[in-house]
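To keep things clear, I will list the structure first and then write my remarks on it.
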Amino acid sequence: MSLTDALKARARALGFCAVGVTGAEPFLEAGSAAATRTAEGLLDGLSWWSSSRAHASANPRRAMPDARSVIALAFPHPRAAAAPSPRAGEGRGGGLGRIAAYALGRDYHEVLLERMQPLLGMLRERGYAAKTYVDHGWMLDRAAAARAGLGWLGKNTNLLVPGAGSYVLLAEIVTSAALQPDQPLKKTCGSCDACLRICPTGALVKPGVLDNRRCISFWTIEHRGAIPREIRPLIGDWIFGCDLCQEVCPVNTRPATPDPAALTAFGPMIEPRPQLEELLMIDEQTFRVRFRQSAVWRTRRSGLLRNVCIALGNVADRRSVPALLGALHDDETLVRGHAAWALGRLGGPAARQALALALRREADPWVRDECGLALRECGPPAVRSAV
Ligand code: B12
Ligand code: SF4
Ligand code: SF4
């Protein structure tokens with residue numbers, strides 16, 4: 001068996017649902033697409049992204065000048081069983097949030113890096129150099145996967161793997177070994193445009209082109225600080241990431257059953273539709289225990305609770321008012337300001353009274369602004385008070 005075939009067989013045995021090889025020459029077209037999109041502002045907001053990173057990420061030889069091949073790998077991640085939305089009046093109120101499927105298990109960077117180690121060992125024991133990339137490395141993961149024939153780039157920008165769909169995470173091994181390359185697939189999305197139509201923010205500005213500053217995934221995961229008021233209503237009940245453009249994708253409706261061993265790698269899953277009110281009450285220690293192993297950790301407690309407040313404002317169930325009143329006293333200004341916004345959306349006498357009180361005691365200028373705007377949104381009090 002050739003080294004290429006042996007590596008592929010081992011990768012499959014390790015739970016990767018697709019594996020392919022491409023040469024280490026730069027991804028010229030993808031690199032120039034990334035550079036153009038960066039220049040057009042479509043990646044604005046990502047503090048760690050830059051034009052030079054776009055160029056560098058298109059060159060697998062950047063960190064290994066003698067690289068000959070790129071092994072592209074796709075690993076399936078767990079998906080929550082489709083849960084029906086809670087009907088109005090059900091449960092104890094406040095509604096449920098939604099967490100993107102890729103974040104439900106253990107942080108995938110760790111899972112994939114672990115799974116790649118035996119492949120690295122196979123290369124290194126034969127004297128070849130080998131370097132791993134998973135997401136945060138400087139590499140265009142989707143371009144590598146597409147050129148190595150793992151799947152095709154969908155109109156929602158995700159890589160679609162035949163038989164497995166887009167609920168996969170991507171990684172690469174750049175190596176000095178000269179492996180047998182694969183050819184890109186000829187498949188396309190055809191006339192389907194379901195993802196473009198479902199996106200609530202219009203983030204998919206053209207087929208295959210995403211405007212980062214409109215994507216719910218960006219706002220709820222990557223953005224630090226306050227979320228612009230005009231974006232908040234569009235976020236719906238997502239509190240970490242967004243899967244809408246994948247959920248409607250017909251390629252994902254009949255995915256091959258992922259290897260149970262591969263799914264075990266992600267460990268116990270967190271709740272995909274957590275109770276929003278309950279989340280709003282978690283302290284730093286509880287957040288640490290509950291999310292330390294998951295990608296949700298990235299938002300820290302303040303970012304997650306900011307998102308929870310927005311979801312509560314969008315679910316707009318007045319039974320959440322007491323929980324939001326508590327959040328007006330949170331130590332984090334980010335949480336207090338977004339709690340005020342949510343109370344403005346819910347309205348009613350209790351929300352109005354709490355916002356008026358908060359306005360009197362609040363010292364932070366931004367939170368004060370949010371309280372004032374929320375009070376206006378609540379409308380005039382039913383009975384005019386003396387104050
Ligand atoms: C920045 C980033 C984001 C940003 C911006 C996304 C974006 N579209 O650029 C935000 C925060 C919004 C985001 C969201 C998500 N992300 Co993200 N993200 C990344 C990251 C770190 C860099 C992506 C990047 O370089 N973008 C710049 C654009 C221009 O490049 P690109 O998207 O990689 O690829 C495009 C170009 O290369 C071009 N291209 C490629 N070949 C060619 C050839 C030709 C001829 C041309 C013209 C163009 C072209 O088309 C590609 C697709 O648009 C990658 C990891 C990585 N290192 O690659 C993960 C990654 C893309 N994300 C991933 C995931 C899972 C997600 C989410 C699904 C998470 C979620 N559920 O919330 C969403 C999906 C949103 C969406 N519809 O894309 C996975 C995608 C897996 C897959 N099946 O494709 C990746 C690969 C991480 C990983 N290692 O698995 N993400
Ligand atoms: S992840 Fe959500 S917001 Fe982003 S492009 Fe897809 S549907 Fe739109
Ligand atoms: S929903 Fe349709 S257009 Fe969008 S990625 Fe899937 S197949 Fe392609």
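One-based numbering, in listed order, for ligands and for the atoms of each.
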Nearest protein heavy-atom contact for [atom]: which residue, which atom, what distance?
{"atom": "atom 48 (C) of ligand 1", "value": "A33 CB, 3.7 Å"}
{"atom": "atom 4 (Fe) of ligand 2", "value": "C215 SG, 2.4 Å"}
{"atom": "atom 38 (C) of ligand 1", "value": "R37 NH2, 4.0 Å"}
{"atom": "atom 74 (C) of ligand 1", "value": "N158 OD1, 4.1 Å"}
{"atom": "atom 8 (N) of ligand 1", "value": "R142 NH1, 3.3 Å"}
{"atom": "atom 6 (Fe) of ligand 2", "value": "C245 SG, 2.4 Å"}
{"atom": "atom 3 (S) of ligand 2", "value": "I216 N, 3.2 Å"}
{"atom": "atom 2 (Fe) of ligand 2", "value": "C242 SG, 2.3 Å"}
{"atom": "atom 77 (N) of ligand 1", "value": "N156 O, 2.9 Å"}
{"atom": "atom 88 (C) of ligand 1", "value": "L170 N, 3.6 Å"}
{"atom": "atom 8 (Fe) of ligand 3", "value": "C189 SG, 2.3 Å"}
{"atom": "atom 84 (O) of ligand 1", "value": "L159 N, 2.8 Å"}
{"atom": "atom 65 (C) of ligand 1", "value": "L169 CD2, 4.1 Å"}

Using distance alone, determine whether [X] and ligand 1 share an N or O pair under 3.5 Å.
{"X": "L153", "value": "no"}
{"X": "L210", "value": "no"}
{"X": "D141", "value": "yes"}
{"X": "Y102", "value": "no"}

At less than 4.0 angstrom from any non-hydrogen atom of [X], what atoms of ligand 2 do you find?
{"X": "L204", "answer": "5 (S)"}
{"X": "L244", "answer": "7 (S)"}
{"X": "C199", "answer": "3 (S), 5 (S), 7 (S), 8 (Fe)"}
{"X": "T201", "answer": "3 (S)"}

Which bit of L210 gets closer than 4.0 Å to ligand 2, counting heavy atoms only: side chain, backbone, both or neither?
side chain
Heavy atoms only, cut-off 4.0 Å: how does N156 contact ligand 2, side chain, backbone, both, or neither?
neither
Sole residue of T157, D243, N252, N156 in side chain to side chain donor-acceptor pair (under 3.5 Å) with S166
N252
Between the side chain of [X] and the main-chain N/O of [Y], is any donor-acceptor distance below 3.5 Å?
{"X": "N307", "Y": "I239", "result": "yes"}
{"X": "S320", "Y": "L312", "result": "no"}
{"X": "R214", "Y": "G202", "result": "yes"}
{"X": "R106", "Y": "A265", "result": "yes"}
{"X": "R306", "Y": "I227", "result": "no"}
{"X": "Q117", "Y": "L113", "result": "yes"}
{"X": "D141", "Y": "D135", "result": "yes"}
{"X": "K155", "Y": "G190", "result": "yes"}
{"X": "T175", "Y": "A129", "result": "yes"}
{"X": "H136", "Y": "V134", "result": "yes"}

Verify side chain to side chain donor-acceptor pair (under 3.5 Å) between T22 and R147, making sure each step is shown before the conclusion.
CA-CA 6 Å; T22 184; R147 200 170 75 186; 2.8 Å; yes
With a cut-off of 2.8 Å, does C192 place any N/O/S atom under that distance from atom 6 (Fe) of ligand 3?
no
Determine, step by step, whether R53 and W48 satisfy the side-chain contact (heavy atoms from CB on, under 4.5 Å) criterion, reporting the C-alpha distance in whole Å, the side-chain angles of both residues, the deciding distance to 0.1 Å, and the verdict.
CA-CA 9 Å; R53 179 166 173 161; W48 40 268; 3.5 Å; yes
Give a yes or no on whether D66 atom CG has more than 12 heavy-atom contacts from other residues, nucleotides or ligands under 6.0 Å away.
yes
For the CD atom on E29, are there more than 12 heavy atoms of other groups (residues, nucleotides or ligands in this structure) within a distance under 6.0 Å?
no
Steps toward side-chain contact (heavy atoms from CB on, under 4.5 Å) verdict (V335, L328)
CA-CA 7 Å; V335 180; L328 279 181; over 6 Å; no
Below 4.0 Å, non-hydrogen atoms only: which portion of [X] touches ligand 1? Side chain, backbone, both or neither.
{"X": "T157", "value": "both"}
{"X": "D243", "value": "side chain"}
{"X": "Y108", "value": "side chain"}
{"X": "D135", "value": "both"}
{"X": "W49", "value": "side chain"}
{"X": "V134", "value": "neither"}
{"X": "M139", "value": "backbone"}
{"X": "W48", "value": "side chain"}
{"X": "A30", "value": "both"}
{"X": "C245", "value": "side chain"}

In short, A145 meets L159 closest at the heavy-atom pair CB-CD2, 3.6 Å
Heavy-atom proximity to atom 9 (O) of ligand 1, picking from T36, L43, N212, points to L43
Less than 4.5 Å apart, side chain to side chain, heavy atoms only: is that true for T220 and C242?
no
Could you list which atoms of ligand 1 come closer than 4.0 Å to a heavy atom of S217?
14 (C), 15 (C), 69 (C), 70 (C), 72 (O), 73 (C)
Count I, L, V, M, F, W, Y as connected when their side-chain heavy atoms are under 4.5 Å apart, and connections chain through other members. Are L324 and L276 then in the same cluster?
yes
So that I can check it, does any N, O or S atom in C195 come closer than 2.8 Å to atom 4 (Fe) of ligand 3?
yes
In this structure, is the centre-to-centre distance between the rings of Y102 and Y108 below 6.0 Å?
yes
Between T38 and W49, do the side chains contain an N or O donor and an N or O acceptor separated by less than 3.5 Å?
yes
Once you measure the plane-to-plane angle for F287 and F291, does it fall in the parallel (<30°), tilted (30-60°) or perpendicular (>60°) bin?
tilted
State if A146 counts as touching ligand 1 under the rule of any non-hydrogen atom under 4.0 Å.
no
Heavy-atom contact under 4.0 Å between Q246 and ligand 1?
yes
